[in-house]
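Below, chain A is the first sequence line, B the second, and so on; all start at residue 1.
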Protein chains: 2
Amino acid sequence: MNLHLHYICNMKYSELKQSLKNHKLRITDCRMDVLEYFQQQKKALSFRDLEYKFQEYDRVTLYRTLHSFEENGLLHKIPGDSGSAVYGLCNDCGVEAHHHNHMHFKCDTCGTTECIDVPVEIPTISLPKNYKMTDMDVIVNGICNHCNSN
Amino acid sequence: MNLHLHYICNMKYSELKQSLKNHKLRITDCRMDVLEYFQQQKKALSFRDLEYKFQEYDRVTLYRTLHSFEENGLLHKIPGDSGSAVYGLCNDCGVEAHHHNHMHFKCDTCGTTECIDVPVEIPTISLPKNYKMTDMDVIVNGICNHCNSN
DNA sequence: ATGTAATCTGCAATGAATTTGCATTTACAT
DNA sequence: ATGTAAATGCAAATTCATTGCAGATTACAT
């Protein structure tokens, strides 16, 4: 039984390692621990969450871990309410469409963010069982009107 | 001609004033100037933009102006990349649906953010002429699975 | 017009979040 | 095993945002 658990545990460990390698990241204790935690939690985590969980690592190291993960495509940043962004593991999410509140366009070239007026209803995003939507932020990145015509 | 311009200008001024009144905000120089600037720019502005433009006002006043505008529904906050949110004038935007990249659900009750996997294609958002989308952030707020079943 | 109460502004100080520089340690390709 | 490039920890510096308070300004009723 213990053997079994250990076996599973080792598997996970090697998977984590492989995951780091796949993203061209060196294997370090901090990165392994943080990645494992993301895997276990299955939800987006904030810097605070990590800081609390991993007091054995320096704040700066955790910041840099998040940055390296983001840079190498292991994590993506989710824009947060008030400047305190949270991070979630990248995986393929299929989505539908829906009702909405805001719709913004941010130009990759000039950096301008505009509120886009499109006089059309957005189809309904189908959420999983038991989820209820109150409101929604849609941010589209790309090339704007102006930058595209140059 | 000058008279004409002045007339137009006055109209705008009174409109701005009315807009503030409609949102139950007192008429002050700072608010008038900031609101006017938003009207003119027709795009989302960051705090930095305002700070640069209105050096005659104290930073704190500008922060408070943005907050009061947001609180009274004159502006809405658009979550930004790296904690530096930008603000845009509220107006009715109609939208369609589309292709996607990320889709996140943030629970209003427990605060948890999850990456939602919905195995469905997102319809295509129809952007205005000359806009090209490279990627997209969808953040849905509401009540999650877990909190909803209590 | 004028007085009063409520609120806004500027300033200074505080507090929180994030980044940088540098010396030391660690990972990993040879 | 060993050298090089990269990661870590610590201290300090930056940046970003909020708070308290005194004086100025606004809305409103008289």
Should E114(A) and K42(B) count as an ion pair when the cut-off is N to O under 4.0 Å? no
Starting from the 5' end of DNA chain D, give me the residue, I27(B) or Y63(B), whose nearest nucleotide shows up first. Y63(B)
What string of B, S and - do you get for nucleotides 6-13 of chain D, 5' to 3', when a contact is any protein heavy atom under 4.0 Å? SSBBBB--
Can a side chain N or O of H67(A) be found less than 4.0 Å away from OP1 or OP2 on dT19(C)? yes
Nearest whole angstrom, please: distance from the C1' of dA27(C) to the NZ of K17(A). 11 Å
Atom-pair distance (CD on E71(B); P on dT18(D)), nearest Å: 12 Å
Does either side chain, that of N22(B) or that of S19(B), offer a donor lying less than 3.5 Å from an acceptor on the other one? no
Find the distance R59(B):CZ to dT14(C):C1' and express it as a whole number of Å. 15 Å
K24(B) atom NZ is separated from dT7(C) atom C1', nearest whole Å, by 16 Å
Can you tell me if T134(A) and D108(B) form a side-chain donor-acceptor pair at under 3.5 Å? yes
Atom CG of L66(B) to atom P of dC8(C): distance rounded to whole Å? 14 Å
Rounded off to whole Å, could you give me the CE-to-C1' distance for the M32(B) and dT25(D) pair? 15 Å
Quick check: are there more than 12 heavy atoms from other residues, nucleotides or ligands sitting under 6.0 Å from CD of E71(B)? no
Tell me whether the rings of Y131(A) and F105(B) are parallel (<30°), tilted (30 to 60°) or perpendicular (>60°). perpendicular
Could you state the CG-P distance from L50(B) to dT9(C), rounded to the nearest angstrom? 13 Å
Looking only at the aromatic ring of each residue, does the gap between the centers of Y37(B) and F54(B) stay below 6.0 angstrom? yes
